[in-house]
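A short write-up of the structure that comes next.
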Amino acid sequence: MSADQHAEVNIELNEIVAASEPDFELVTFPMRFLVASGASLGGTAEGLTAMRATLDPVLARNPNVKVSATVGSKHTTIVRKDFRAIAATVREVADVVHGGVS
């Protein structure tokens with residue numbers, strides 16, 4: 001993908017998440033996000049900040065939706081570099097669902 005194509009995907013994702021805000025209000029189960037704070041190919045710092053800010057209204061309205069961690073990776077490397085944060089998030093959700101019982 002070219003930088004322009006990456007930028008277009010990021011813009012579209014931002015629009016999809018923003019438009020999905022009413023759907024997040026219907027979430028009745030523990031939903032967690034890992035926020036990637038690293039740079040993105042084709043994305044500007046301002047664009048990434050705007051994309052991450054689309055979560056703020058959702059987080060404010062629904063206590064079931066939370067950010068479990070913010071990691072230094074970019075979105076394309078989060079699974080490879082931040083697998084420990086992913087595992088911790090899975091354990092966090094399991095604790096919520098199962099009341100701390102393993």
Problem set entry | Trace of the side-chain contact (heavy atoms from CB on, under 4.5 Å) decision for Lys66 with Val96 | CA-CA 12 Å; Lys66 297 180 181 180; Val96 171; over 6 Å; no
Exercise. Does anything in residues 19-31 pair up under salt bridge (Lys or Arg N to Asp or Glu O under 4.0 Å), and if so which pairs, sequence neighbours excluded?
Worked result: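 Qualifying pairs, neighbours excluded: Glu21-Arg61, Glu25-Arg61.
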For this session: With sequence neighbours excluded, tell me which residues meet side-chain hydrogen bond (donor to acceptor under 3.5 Å, both in side chains) with Ser73.
Result: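 For Ser73, the residues satisfying side-chain hydrogen bond (donor to acceptor under 3.5 Å, both in side chains) (neighbours in sequence not counted) are Asp82.
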For this session: Please identify each residue that fulfils side-chain hydrogen bond (donor to acceptor under 3.5 Å, both in side chains) with Arg91, with sequence neighbours left out.
Result: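 Once residues adjacent in sequence are excluded, Arg91 has no partner under the side-chain hydrogen bond (donor to acceptor under 3.5 Å, both in side chains) criterion.
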Exercise. side-chain contact (heavy atoms from CB on, under 4.5 Å) with Glu8: which residues, sequence neighbours excluded?
Worked result: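 Residues passing side-chain contact (heavy atoms from CB on, under 4.5 Å) with Glu8: none at all.
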For [X] and [Y], work out which heavy atoms get closest and say how close.
| X | Y | result |
| --- | --- | --- |
| Leu34 | Ser68 | CD2-CB, 4.5 Å |
| Ser37 | Gly72 | OG-CA, 3.5 Å |
| Ala53 | Pro57 | O-CD, 3.4 Å |

Exercise. Is Ser2 reaching over with its side chain to a backbone N or O of Gln5, donor-acceptor style, under 3.5 angstrom?
Worked result: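 Present.
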For this session: Please identify each residue that fulfils salt bridge (charged side-chain N to carboxylate O under 4.0 Å, His left out) with Glu15, with sequence neighbours left out.
Result: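 By the salt bridge (charged side-chain N to carboxylate O under 4.0 Å, His left out) rule, Glu15 matches no residue at all.
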Exercise. For Val58, which fellow cluster members are found when Ile, Leu, Val, Met, Phe, Trp and Tyr are connected by side-chain heavy-atom distances below 4.5 angstrom, either directly or through intermediates?
Worked result: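 Same cluster as Val58: Phe24, Val27, Phe29, Met31, Phe33, Val35, Leu55, Leu59, Val65, Val67.
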